[in-house]
Amino acid sequence: MITNTDFLSGLNPQQKQAVTAQPGHILVLAGPGSGKTRVLTHRIAYLITQFHLPPDNILAVTFTNKAARVMESRVEDLLGEKPRGLWLGTFHAICARILRREADHLPFGSNFVIYDEDDQQSLVKTALRELNIDEKMYKAASIRGAISAAKNNMQKPEDLTSRTYREEVNLRVYQRYQELLRANNAVDFDDLLNEVVNLFEAKPEVRERYSRRFGEVLVDEFQDTNTAQYQILRHLALSGNSMFVVGDEDQSIYRWRGADYRNVQSFERDYPDCQKILLEQNYRSTQTVLDAARAVIDHNINRTPKHLFSDNGKGEKIILNDLMDDKMEADFVADTIQKNIKAKLWKGSDVAVMYRTNAQSRLLEEAFLKARLPYRLVGAQRFYGRREVKDIIAYLRLIYNPSDEVSLTRVINVPTRGIGDKSVSTLLQYAHNLKLSAGDVLSELGKLGQQSQHFSAFSGSIGIKLADFGSMLNSWRESITKGFPLTRLFQQILDDIRYEEYIDDASEEGHQRWENVLELGKIATEFDDRGLDEFLERLALVSDQDTLAEGTEAPTLLTLHAAKGLEFAVVFITGLDDGVLPHSRSLDDPEEMAEERRLLYVGITRAKERLYITRADRRSSYGGYENCTPSRFLRDIPATLVMNSGIIMPTRTSRPSMERRMENYSNWSTPSPTYGSFKPAPRQSKPPVEQRFPANCRVRHEVWGEGLVVKSVLEDGDETVDVFFDTVGFKRLIASLAKLEIVKK
DNA sequence: CAAAGATCGCTTTTT
DNA sequence: GCGATCTTTG
């Protein structure tokens, strides 16, 4: 049996406070590397062992499967056994589970399939064709985006107004798209969330059942919740349950996907009794790294100021290098890593190279190849996105759900079996006229052949071909009803359609494609005792990031987005140029710029020991070259944190020394044209200030009203004031930003 | 139906 | 400038 002290030893006071908090509304703002996962897992274990909450009263949601897995295994370690009945998973997986259970109350069956982005796009195309809309003028991809954006705001077609023709098109396609989803017995990712909200609103008794069941709801990465997710949480909280949410506004980087970090503030507003706990001790990085990160992020408004600190010492200065072009930038990165690995100073797995856009990985890959350095690339070509993998998944989905016409049209002529586009549309048209799905018609044709009432609807040999295909589908479905293992079905499909013959054309690529199919088959074996439904759900909801091979010795190449949640001893952040980071599409929108800044913040805070930042004077883009100016964010990193510490530097860069360039960044407005020697530039932006709000004086804030100053610290040329407000309690403020005024007694 | 030719479009991408 | 995707053509 685990004792109280076992649990809490090794937690710092703030972590302990969070873990042991009385049930209620608890908001933990956890800076990077502050032990967020530790707090969540300990909290779950603490609830079970100390508050004796049965595990099936606990719901813990994450955003990635990986995070869910990590949390699950750590909780198991803490408890010494698997907690029975605990619901732990991603928002989407949890919602899918609820929807399948409650299908009786829903406009679709419990065997619904989950459409990914590609499937959504095909459905949009279908809608466009049905509505006779020019597909050149109105791109399926952009309409799909518009629909998803609307859904992220929980707007139904009828909630939208159209002020332009384009908006009218979006609206109509959205409407039809949604009907098609239902006809296909399918939901998209957004539906998984929205339909749960709809369900909870339409059926209070269902909502009540879930909210009663989950006495405690825990949420990871709370800053990334979107409107629907926040609504789900609010509905679950209606029965007075306890909520424990953990997040960091500064790491919100999925705004474009509907995430709204302001939900953190909404939480405080909606639950005024909420207890707010800041985790500010960082166990990951050196103080230098943290100082740089803070200097970057402090320019953002609408956030809870945090004092990240570390016991890890100052550490090495940040190395900033600018190169003549993006090719040299890539070479510098690869060469530096290669030399340090060769000198046995670094291990490959300690190193990550980060960039804003996937396109930047190409030059890096070439440079690594040239340096004969193996690497691990995250993202890019997705396993589940590959054609051959999607083909087989489409077969499986069609077997599972005969109404899935997106899958049907995908595979009905793959490999080619003489059923062309014309025949397919005849089939669809015919089926729809009879209010049947094409799958049903095929199935009957397969069963009865020429005897079928449908047979005469098809001319020539088409009826035979359709019947053959339908008969295959029937025999596969039989395999399921007979309870055969999934592997057997998988093999049967491949044999019946002779897929190897079709896909492996003896070329290198064909061979690889077949390998991918076999790889999918290997995953299927894991589901032999669980069945097709769980296999499909897993395929729909698990991304490639989750299947990322761990433990390779090679450095990792990844986007800044993909880097969230990871840490590396050595981090290279490349492309610190205006237009790249911040990205050109973000320049005119302050909210987007703030997100770009957070992206850099996330990147910086991945580094444990060493941080390299690189940029280039020109980069190849769309053919030609483009001149670049250093990222505006570089200005914000104090020159005192940065230097050229004589680390192995390619000789190619013996151009205007980096030192001079550093001065340029710090004295941004007056670039020095001279080749002077390096002097750390004085911190001009923030001259030392006087203490204006000493402890024990009363102050007024325009939002929070009056309060008492508890503590005031002068540092980094600004005054940080801790105030206990009469109404909202403790807040930490930066004097120069907060517009405080002293209240005369 | 496949191969060659034309055209598009180009951030990020937890699920 | 490149790659994916759609269109045309034999």
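The basis for the numbers below is simple: all heavy atoms, side chains too, and nothing from hydrogens, waters or symmetry mates. All values derive from a computational prediction rather than experimental measurement. Note on naming: letters A, B, ... go to the chains in the order of the sequence lines (proteins, then strands), and numbering restarts at 1 for each one.
- Stems are defined here as 3 or more consecutive Watson-Crick or G-U wobble pairs with pairing distances under 3.5 Å; those involving DNA chain B are B:1-10 with C:1-10.
- Ring geometry, A/Phe535 versus A/Phe527: the interplanar angle falls from 30° to 60°, so the pair is classed tilted.
- A donor-acceptor contact shorter than 3.5 Å links the side chain of A/Arg100 to the backbone of A/Phe112.
- In terms of position on DNA chain B, the residue among A/Ala359 and A/Ile419 whose nearest nucleotide sits closer to the 5' end is A/Ile419.
- Here the C1' atom of nucleotide B/dT13 and the CD atom of A/Glu592 are 15 Å apart, to the nearest Å.
- With 3.5 Å as the limit, one finds a donor-acceptor pair spanning the side chains of A/Gln360 and A/Thr357.
- Contact between the side-chain N/O atoms of A/Lys125 and the OP1/OP2 oxygens of C/dC6 is found at a separation under 4.0 Å.
- B/dT14 and C/dG3 have their C1' atoms separated by 26 Å, given to the nearest Å.
- A/Ser620 comes within contact range of no nucleotide atom at all, as no heavy-atom separation falls under 4.0 Å.
- Closest approach to the A/Thr416 side chain among B/dT12, B/dT14, B/dC1 is made by B/dC1 (side chain taken as heavy atoms from C-beta onward).
- In this entry the distance linking CG of A/Asp421 with P of C/dT8 reads 14 Å, nearest Å.
- We find that CD of A/Glu591 is positioned 21 Å from P of B/dT12, with the value rounded to whole Å.
- Summarising the geometry of A/Leu566 relative to A/Ala562, their closest heavy-atom pair is CD1-O, 3.6 Å, with the distance given to 0.1 Å.
- Counting non-hydrogen atoms under 4.0 angstrom, A/Gln360 reaches nothing in the nucleic acid.
- Taking atom CD1 on A/Ile114 and atom P on B/dT14, their separation rounds to 16 Å, with Å as the unit.
- Nucleic acid contact for A/Asn413: sugar-phosphate only, since backbone atoms but no base atoms lie under 4.0 Å from a heavy atom of the residue.
- What separates CZ of A/Arg255 from C1' of B/dT13 is a distance of 16 Å, to the nearest Å.
- Rounded to a whole Å, the CG atom of A/Asn65 is 17 Å from the P atom of B/dT13.
- Atom NE2 of A/His561 is separated from atom P of B/dT13 by 7 Å (rounded to the nearest Å).
- Applying the 5.5 angstrom centroid cut-off and the 30 degree plane-angle cut-off, the aromatic ring of A/Trp256 is stacked upon the base of B/dT12.
- Under the 3.5 Å distance criterion, with hydrogens and angles disregarded, no donor-acceptor pair is assigned to the side chains of A/Asn170 and A/Tyr138.
- With A/Tyr210 as the aromatic partner, A/Arg101 does not meet the cation-pi criteria of under 6.0 angstrom to the ring centre and within 45 degrees of the ring axis.
- Using a 4.0 Å heavy-atom criterion, one finds that A/Asp116 contacts no nucleic acid atom at all.
- Checked for salt-bridge contact, A/Arg619 and A/Asp617 miss the test: no charged N lies under 4.0 Å from a carboxylate O.
- One can place NZ of A/Lys327 at 14 Å from P of C/dG1, the figure rounded to the nearest angstrom.
- With the nearest nucleotide of DNA chain B identified for both A/Ser586 and A/Gly420, A/Gly420 has the one nearer the 5' end.
- Aromatic pair A/Tyr177/A/Tyr174: centroids not less than 6.0 angstrom apart.
- Side-chain atoms of A/Lys139 lie closest to B/dG9 of the nucleotides B/dT12, B/dT14, B/dG9.
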